[in-house]
Amino acid sequence: MNKQYAVIGLGRFGGSICLEFQKMGCEVLAIDKDMNRVNEFADIVTQTVQADSTDEKALQSLGIRNFDHVIVGIGEDIQASILTTLLLKEEGVNSVWVKAQNDYHAKVLSKVGADRIIHPERDMGTRVAHLISSNKIIDYIGLSNDHSIIEIEVTDKLINRTILDIDVRANYGCNVIAIKRGNDFKVADIAHFILQKGDRLVLIGLNKNLTQFEKQGV
């Protein structure tokens, strides 16, 4: 059975999630108290509803507990975000992901049971800073305060060498988890794979080790 998703709050964040779900062919219920926003998504997602997510009876009438995942993308109204999250967990929603405005908001969301807290502006700022500051890093994903995944282009220094030759784990303390060549994505038996110009390495590890590899390894 296909998973069902609900998105509450159809601003830029919630709206972009709805659009991506639609592209992926997912069933989505889009909820907002602003009828104009609801109308914007009427022809895009599976179903749209105008409702106040801080109203317990309104959520119950939508059968919200039957959804596999609910994403709360409410913008400036922190109180509504917190109360909505609390009600969703009380209704028994298994997975509730919530956009946080700041660290204080995030702490309260954690206290009321949010399963995952998203900091879109902070996370994007971190990602952009890493991409801008390096002419080698192609993509960056922060996993925690200390660990990340980076995608980095193979330089002349590594051409015609293998992952075993480089011994990234022993020399730099991080791990190559995949090699990208064109449209191919190789994750198995990569130790003896001979690197070519244009290849990209996907590495995971401590930020300090990834930085060391970026500066010295490639």
Side-chain angles (χ1 to χ4, degrees), residues 1-5 7 13 16-28 68-71 73 94-100 103 106 110 114-218:
M1 184 179 294
N2 292 333
K3 290 184 177 181
Q4 292 186 314
Y5 303 88
V7 178
F13 176 73
S16 66
I17 290 176
C18 286
L19 291 171
E20 287 303 313
F21 276 148
Q22 185 271 335
K23 291 176 185 177
M24 295 162 62
C26 300
E27 295 184 16
V28 184
D68 300 286
H69 299 274
V70 179
I71 299 94
N94 183 54
S95 179
V96 180
W97 290 29
V98 192
K99 172 188 174 182
D103 289 340
S110 178
D115 296 287
R116 182 155 181 175
I117 299 164
I118 307 161
H119 300 263
E121 289 84 4
R122 186 189 70 185
D123 294 346
M124 182 54 70
T126 301
R127 186 180 183 199
V128 169
H130 278 270
L131 297 179
I132 289 175
S133 64
S134 172
N135 58 2
K136 297 175 183 176
I137 294 178
I138 298 164
D139 205 355
Y140 167 92
I141 302 172
L143 300 177
S144 70
N145 290 334
D146 300 316
H147 292 80
S148 300
I149 294 174
I150 63 170
E151 180 182 329
I152 194 164
E153 190 166 358
V154 168
T155 61
D156 293 343
K157 184 176 180 179
L158 299 185
I159 292 174
N160 295 324
R161 300 181 69 188
T162 68
I163 302 302
L164 194 60
D165 293 334
I166 304 165
D167 204 353
V168 177
R169 184 171 186 176
N171 292 324
Y172 302 99
C174 45
N175 293 287
V176 178
I177 56 175
I179 300 172
K180 292 178 72 174
R181 175 173 292 173
N183 294 323
D184 293 331
F185 197 78
K186 302 180 182 299
V187 295
D189 301 322
I190 60 175
H192 299 282
F193 192 77
I194 299 173
L195 298 172
Q196 298 179 1
K197 188 175 182 62
D199 288 349
R200 299 175 179 183
L201 303 179
V202 181
L203 299 99
I204 186 171
L206 285 166
N207 294 335
K208 63 179 183 180
N209 294 339
L210 293 171
T211 300
Q212 183 188 14
F213 178 74
E214 178 201 347
K215 291 179 177 178
Q216 300 175 7
V218 293

Using 0.5 Å steps for rounding, measure from the [atom1] atom of [X] to the [atom2] atom of [Y].
X: K99; Y: I17; atom1: NZ; atom2: CD1; result: 9.5 Å
X: E214; Y: C174; atom1: CD; atom2: SG; result: 11.0 Å
X: D167; Y: R161; atom1: CG; atom2: CZ; result: 10.0 Å
X: L210; Y: N175; atom1: CG; atom2: CG; result: 9.5 Å
X: D199; Y: K180; atom1: CG; atom2: NZ; result: 11.5 Å
X: L201; Y: I179; atom1: CG; atom2: CD1; result: 6.0 Å

For a quick test of reading the model, state the closest non-hydrogen atom pair linking [X] to [Y] and the distance between them.
X: I194; Y: N160; result: CG2-CA, 3.7 Å
X: A106; Y: I117; result: O-CD1, 3.2 Å
X: N171; Y: I166; result: ND2-O, 2.7 Å
X: I204; Y: I177; result: CG2-CG2, 3.6 Å
X: I190; Y: K186; result: CG2-O, 3.7 Å
X: D68; Y: Q4; result: OD2-N, 2.7 Å

Problem - Exceeds 12 heavy-atom contacts within 6.0 angstrom, atom CZ of R181 - result: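 Check passes, neighbour count above 12.
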Going by heavy atoms in the side chains, are [X] and [Y] under 4.5 Å from each other?
X: V28; Y: Q22; value: no
X: Y5; Y: V70; value: no
X: L143; Y: I149; value: yes

Exercise for the section: Flag the pair K208 and D146 as a salt bridge only when some basic side-chain nitrogen lies within less than 4.0 angstrom of an acidic carboxylate oxygen. Expected result: no
Practice task
Output yes when E151 and R200 qualify as a salt bridge under the 4.0 Å nitrogen-oxygen rule, no when they do not.
Solution key: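 Looking at E151 and R200, the cut-off is met.
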Practice task
Run the numbers on V96 and R116 for side chain to side chain contact (heavy atoms under 4.5 Å, CB included), then give the verdict.
Solution key: CA-CA 7 Å; V96 180; R116 182 155 181 175; over 6 Å; no
Practice task
Show your working on side chain to side chain contact (heavy atoms under 4.5 Å, CB included) between L203 and I152 and close with a plain yes or no.
Solution key: CA-CA 8 Å; L203 299 99; I152 194 164; 3.5 Å; yes
Exercise for the section: Dump the intermediate steps for side chain to side chain contact (heavy atoms under 4.5 Å, CB included) on Q196 and V154, then the final yes or no. Expected result: CA-CA 8 Å; Q196 298 179 1; V154 168; over 6 Å; no
Problem - Parallel, tilted or perpendicular: rings of Y172 and F213 (30°, 60°) - result: perpendicular
Handout entry: Any side-chain donor near an acceptor of the partner, D115 and S95, under 3.5 Å
Key =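 The criterion, which ignores hydrogens and geometry beyond distance, is not satisfied for S95 and D115.
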Handout entry: Full working for side chain to side chain contact (heavy atoms under 4.5 Å, CB included) between T162 and F193
Key = CA-CA 5 Å; T162 68; F193 192 77; over 6 Å; no
